[in-house]
Amino acid sequence: MSNPDIVVAGGGIGGLSSAFALARLGLRVRVLEQAQEFGEVGAGIQLAPNCTRILDAYGLLEKAKARGVVPDRMVMRDAVDGSELTSLDLRDLERRYGFPYLVIHRSDLHALFLEACREAGVELLTEQRVTSYTQEAGTASATTQEAGTAAVATQDGTVHEAAVVIAADGLHSVARRLLVDDQPVSSAYVAYRGTVPIGDVGRPVDLSEVVVYVGPRCHFVHYGLRGGDLLNQVAVFESPKAVAGLDDWGTPDELDSAFTGACDVVRQGLPHMWRDKWWRMYDRDPIDTWVAGRIALLGDAAHPPLQYMAQGAIMAIEDGWVLAQHVDRLRSDDGTVDWAGVLAAYDAVRPQHCRRVLETARVWGELWHLDGVPREQRNVLLRSRPVDDHSFTDWIYGPTALFPEDEPAMFEPIPLSSADQAV
Ligand code: FAD
């Protein structure tokens with residue numbers, strides 16, 4: 001292949017979904033992934049209507065539904081006594097936003113985008129570690145060397161040149177250094193994950209619900225995957241060793257003691273967690289510019305969140321959708337794309353929205369993990385919340401996050417119910 005139009009650094013959910021979004025417009029896209037194979041590590045992922053709306057537009061929603069589960073309700077419970085605090089009726093959410101709330105194995109979602117990329121003719125290269133970015137007027141390039149060698153910025157690796165480089169290289173993004181000299185921020189929390197065949201769970205579980213148990217310095221989530229064949233569980237807690245400043249933190253001994261005060265249902269789930277790997281929870285402070293010339297950050301490279309809003313992968317998918325919409329809008333009849341205009345439009349709206357998600361996620365996590373009197377106060381507040389109050393979800397799940405108000409809406413707004421309009 002000659003020079004592509006776009007080089008994407010990183011073949012995670014963000015990189016592949018944006019590659020597909022651009023390739024389906026007829027652009028030539030090359031993805032460079034550092035790993036030996038394309039794939040995802042981890043378990044389930046929640047996809048709210050702001051994501052399933054995009055999957056539908058891509059023609060991928062039915063496949064995603066077939067591989068996942070569409071639950072009826074999301075329930076928040078107190079992790080200590082197990083009592084219900086509040087809930088979201090997900091069928092109601094689907095009526096309001098027009099698209100379902102879906103839970104799916106992240107490797108199934110990743111595979112869906114990989115297949116779509118293959119069918120759309122994306123050039124998919126593995127063992128390509130991007131080590132440096134350079135640009136001249138009108139072009140950008142990503143320099144690569146074989147994975148496993150020293151990650152040194154050098155001009156003697158392969159040079160991939162394109163009109164635009166999208167850096168979707170995750171939390172530890174190399175490209176982010178072009179824009180800001182920052183570091184990941186540790187939350188001192190760690191996540192354990194695990195999937196278990198539903199027949200081996202050993203306790204009754206209602207797979208029509210996504211459940212989160214919130215407790216002092218910990219929480220526990222479970223929901224079904226793969227049509228209900230698997231139960232996905234996530235156990236998250238604050239590591240005392242991290243708080244004490246030790247390097248070796250988040251280890252399984254800490255998992256065992258973190259949930260001693262939790263209710264039976266949560267403790268019965270813990271033996272099913274994987275104990276050979278765990279995920280320390282980092283985010284970064286939001287930044288307001290993701291574009292440096294012809295290089296654009298996307299996904300966790302631009303906006304790695306704490307996961308409490310379940311929007312990290314979704315924001316990455318939204319990023320690619322928005323980029324592609326602006327390409328479509330700013331492409332002339334002869335195929336020439338006004339890249340400066342596209343990137344400016346992308347940068348005008350996405351950082352603003354994602355800043356709000358990142359900041360809300362931090363506060364949301366604090367609320368989940370309260371102890372003592374603040375925990376009791378939180379519980380009173382959550383129990384009194386009307387379950388049909390959508391003020392918390394409209395700004396995230398509605399389509400307005402994708403475009404500034406003065407730009408044409410790319411999605412038909414879903415009419416609110418008469419009850420909502422009366423409020
Ligand atoms: P990554 O997944 O990090 O992908 C980056 C890719 O780039 C990788 O393949 C990597 O190998 C490659 N790469 C890195 N450096 C280079 C390089 N130099 N050269 C070439 N390739 C490179 N999000 C949701 O939307 N819903 C959820 O329910 C949800 N739950 C979560 C639960 C937990 C416990 C956690 C930890 C996260 C959760 N998230 C969720 C967040 C979500 O997983 C991430 O935000 C999302 O996966 C980010 O995708 P990405 O493609 O931007 O980055």
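Being a predicted model, the structure only gives us computed values, none of them experimental. Order of appearance sets the numbers: ligands from 1, and atoms from 1 within every ligand. Position 1 is the first residue of the sequence, and the numbers go up from there.
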Which residue holds the protein heavy atom closest to [atom], what is that atom called, and what is the gap in Å?
atom	answer
atom 11 (O) of ligand 1	Glu33 OE2, 2.7 Å
atom 7 (O) of ligand 1	Gly10 CA, 3.2 Å
atom 4 (O) of ligand 1	Gly12 CA, 3.6 Å

Atom pair [atom1]/[atom2] of [X] and [Y] - distance to nearest 0.5 Å:
X	Y	atom1	atom2	result
Ile295	Thr134	CD1	OG1	7.0 Å
Met76	Arg385	CE	CZ	9.5 Å
Leu306	Glu366	CG	CD	9.5 Å
Lys241	Thr251	NZ	OG1	2.5 Å
Asp256	Glu254	CG	CD	10.0 Å
His353	Met315	NE2	CE	7.0 Å

Below 3.5 Å, N or O to N or O, backbone or side chain included: is there any such pair between [X] and ligand 1?
X	result
Ala310	yes
Tyr223	no
Pro305	no
Arg129	no
Trp279	no
Gln46	yes
Gly312	yes
Ile45	no
Asp300	yes

Donor on one side chain, acceptor on other, [X] and [Y], under 3.5 Å:
X	Y	answer
His303	Asp319	yes
Tyr97	Thr393	yes
Asn50	Tyr397	no

Given [options], which one has a non-hydrogen atom that is nearest to [atom]?
atom	options	value
atom 38 (C) of ligand 1	Glu40, Glu318, Glu37, Arg106	Arg106
atom 17 (C) of ligand 1	Val130, Leu47, Leu125	Val130
atom 1 (P) of ligand 1	Ala313, Gly320, Gly170, Cys51	Gly170
atom 15 (N) of ligand 1	Leu171, Asp319, Leu306, Asp169	Asp169

Which side-chain N or O atoms in residues 18-26 pair as donor and acceptor under 3.5 Å with protein atoms at least two apart or in another chain?
from: Ser18; atom 1: OG; to: Gly14; atom 2: O; distance (Å): 2.9
from: Ser18; atom 1: OG; to: Gly15; atom 2: O; distance (Å): 3.1
from: Arg24; atom 1: NH2; to: Ala57; atom 2: O; distance (Å): 3.1

For ligand 1, which atoms have a heavy atom of [X] less than 4.0 angstrom away?
X	answer
Gln128	19 (N), 20 (C)
Arg193	32 (C), 33 (C), 34 (C), 35 (C), 36 (C), 37 (C)
Gly299	52 (O)
Ala168	5 (C), 6 (C), 7 (O)
Met281	36 (C)
Leu32	20 (C), 21 (N)
Gly14	50 (P), 51 (O)
Ile13	51 (O)

Pairs of donor and acceptor atoms involving the side chains of residues 111-120, under 3.5 Å and at least two apart or interchain, shall be tabulated with distances.
from: Glu115; atom 1: OE1; to: Arg67; atom 2: NH2; distance (Å): 3.1
from: Glu115; atom 1: OE2; to: Arg67; atom 2: NH1; distance (Å): 3.4
from: Glu115; atom 1: OE2; to: Arg67; atom 2: NH2; distance (Å): 3.4

What I'd like to find out is whether the side chain of His172 reaches to under 4.5 Å of the side chain of Asp300, using heavy atoms alone.
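The answer is no; the side chains never approach within 4.5 Å.
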
State, with a plain yes or no, whether a side-chain heavy atom of Gln233 is found less than 4.5 Å away from one of Val221.
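Sidechains of Val221 and Gln233: no contact.
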
Between Trp278 and Tyr192, what is the ring plane arrangement, given parallel below 30°, perpendicular above 60°, and tilted in between?
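Because their plane-to-plane angle is under 30°, the rings of Trp278 and Tyr192 count as parallel.
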
Evaluate the ring planes of Trp274 and Trp279, with Trp represented by its six-membered ring, and classify them as parallel (under 30°), tilted (30 to 60°) or perpendicular (over 60°).
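It falls in the tilted class, 30° to 60°.
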
Determine whether the side chain, the backbone, both or neither of [X] has a heavy atom under 4.0 Å from any heavy atom of ligand 1.
X	result
Val236	neither
Gln34	both
Gln311	backbone

Before we go on, tell me: are the rings of His219 and Tyr308 under 6.0 Å apart, centre to centre?
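Ring-ring flag for His219/Tyr308: true, centres closer than 6.0 Å.
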
With the threshold set at under 4.0 angstrom, would you say His172 reaches ligand 1 through any of its heavy atoms?
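Heavy atoms of His172 never come under 4.0 Å of ligand 1.
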
